[in-house]
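Below, all heavy atoms of this structure are taken into account, side chains as well, without hydrogens, waters or symmetry copies. Residue numbers start from 1 in every chain, and the chains themselves are labelled A, B, ... in the order their sequence lines are given, proteins ahead of strands.
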Amino acid sequence: MRIATWNVNSVTARLPRVLEWLAVNKPDVVALQELKCTDAAFPTMDIQALGYEIASHGTGRWNGVALLSRVGLVDVTRGLVNQPQYDGVDEPRAIGATCGGVRIWSVYVPNGREPGHDHYHYKLNWFTALQVTTATELSAAPDRPLAIIGDYNVAPTDDDVWDINQFTDSTHVTAPERAALTKLRSAGLVEVMPRALKGYPYTFWDYRQAAFGRGWGMRIDLVYANELFASHVTDAYIDREERKGKGASDHAPVVVDLDLG
DNA sequence: ATGCCCTATGATATAGGA
């Protein structure tokens, strides 16, 4: 089974590249983030035509997550347990489903904007809800492979950004954010580390300042999974080729191959 | 070359991204 996660930065703007990428790479399950459209505006027909069932959770201009599957898609859950609001709004940032016997969540963790900002506290509270959801999911089905994949908006270590000296007083690298990842591991998840195809395996390069060409990347799109899921992994990599050229998302897809026997 | 920002919106600027 091939599973991928990809922050597409607008599924409608990215549609030609998404369709091409699906056709070439033939993933069985895809977790998308930053749809930037409502469920009604999601390009359902085009993606169904490639053989995928779709569960989306999008409300408009910002955020939005989806799962695509061609190995079944059941027991869809939208939102986290005790998910906090931001500015009085329940944002669409998490969706879970069972696909081919594997429980998969697509998550888009809040950015945080800057340490101390309301959005930063929201980010940490959102992680707490993700930890609660993880514990709930793990206890509900301890013998089922589980993966929580998506844009975590946290670089796990200093090596996961191109230059840590550029990140003083920045989000994505602070101790509380990294502690949130540690708590997920304490709850029973492990990180599936993608291999480097060329240089360090970053997943995001800002559109500005020709960051991709300069290698100014970050590894913030992560695969967290229970031990059972991880035990079946045969390969994991970042498709940095997809970041190249005109019309690319600022994130590259992360691909995980499993042998479920 | 991998290359000097992108997206959606009560749009003709603005918010958000990380």
Do NZ/NE/NH1/NH2 and the carboxylate oxygens of A:R93 and A:D151 come within less than 4.0 Å? no
Remember a base hit wins even if backbone is also touched, and classify A:E34 as base, sugar-phosphate or nothing at under 4.0 Å, heavy atoms. sugar-phosphate
Grab the NE2-P distance between A:H251 and B:dG17 for me, whole Å please. 11 Å
Looking only at atom C1', what distance separates B:dA15 and B:dA11, rounded to whole Å? 12 Å
So does A:R208 reach the base of B:dG3 with its side chain, donor to acceptor, closer than 3.5 Å? no
Is any NZ, NE, NH1 or NH2 atom of the basic residue among A:E53 and A:R70 found under 4.0 Å from an Asp or Glu carboxylate oxygen of the other? no
When the C1' atoms of B:dA13 and B:dT2 are compared, how many Å lie between them, rounded to an integer? 32 Å
OH of A:Y202 to CH2 of A:W216, rounded to nearest 0.5 Å, is 12.0 Å
Span that lies between the C1' atom of B:dA8 and that of B:dC4, in whole angstrom: 23 Å
Selection from B:dA18, B:dT2, B:dG17 that lies nearest to any side-chain heavy atom of A:K244: B:dT2
Considering only B:dC4, B:dT7, B:dG16, which nucleotide approaches the side chain of A:N9 most closely? B:dT7
May I ask you to decide if A:V29's main-chain N or O and A:S69's side chain share a donor-acceptor pair within less than 3.5 Å? no
Distance, C1' atom - from B:dA18 to B:dT7, rounded to whole angstrom: 15 Å
Between A:S10 and B:dC6, does any side-chain N or O lie under 4.0 Å from OP1 or OP2? no
Check every strand shown and say whether A:G245 touches a base, only sugar-phosphate, or nothing at a heavy-atom separation below 4.0 Å. sugar-phosphate
Distance check needed: B:dA1 P versus A:R240 CZ, whole Å only. 15 Å
Whether A:N7 contacts B:dA18 is assessed here as follows: a side-chain N or O lying under 4.0 Å from the phosphate OP1 or OP2. Is that the case? yes
Using whole Å, what does the distance between atom P of nucleotide B:dC6 and atom CZ of A:R17 come to? 12 Å
Distance check: side-chain N/O of A:Y108 vs OP1/OP2 of B:dA18, anything under 4.0 Å? yes
Could you tell me whether the side chain of A:N111 has a donor or acceptor atom within less than 3.5 Å of a complementary atom in the base of B:dA18? yes
Between B:dA15 (P) and A:Y207 (OH): distance, integer Å: 21 Å
Output the single nucleotide from B:dA15, B:dC4, B:dA18 whose closest atom is nearest the side chain of A:W62. B:dA15
Quick one: label A:T12 by what it contacts on the DNA or RNA (base, sugar-phosphate, nothing), any heavy atom closer than 4.0 Å. sugar-phosphate
In whole angstrom, give me the gap between the C1' atoms of B:dT14 and B:dG10. 13 Å
Would you mind reading off the distance between A:Y86 atom OH and B:dG17 atom P, rounded to a whole angstrom? 8 Å
Does a side-chain N or O of A:R61 approach OP1 or OP2 of B:dT7 to a distance below 4.0 Å, or not? no
Check against salt bridge (charged side-chain N to carboxylate O under 4.0 Å, His left out), A:D158 and A:R178: CA-CA 10 Å; A:D158 287 357; A:R178 288 176 173 168; 2.8 Å; yes
Which comes earlier along DNA chain B counting from the 5' end, the contact point of A:V109 or that of A:Q209, where each point is its nearest nucleotide? A:Q209
Interatomic distance, CD@A:E242 vs CH2@A:W6, rounded to 0.5 Å, equals 4.0 Å
Of the candidate nucleotides B:dT2, B:dA8, B:dA18, which contains the atom at the shortest distance from the side chain of A:D151? B:dA18
Using OP1 and OP2 only, check whether a side-chain N or O of A:H119 sits under 4.0 Å from B:dG16. no
In whole Å, what is the span from the CD atom of A:E114 to the P atom of B:dG16? 12 Å
Hey, is A:E20 close enough to A:R17 for a salt bridge, meaning N to O under 4.0 Å? no
Provide, to the nearest angstrom, the distance between the CG atom belonging to A:D250 and the P atom belonging to B:dG16. 17 Å
What does A:R113 touch in the nucleic acid at a heavy-atom separation under 4.0 angstrom: a base, only the sugar-phosphate, or nothing? sugar-phosphate
State whether A:N153 places a side-chain N or O below 4.0 Å from either non-bridging phosphate oxygen (OP1 or OP2) of B:dA18. yes
Specify the separation, in whole Å, of atom NZ of A:K36 and atom C1' of B:dT14. 13 Å
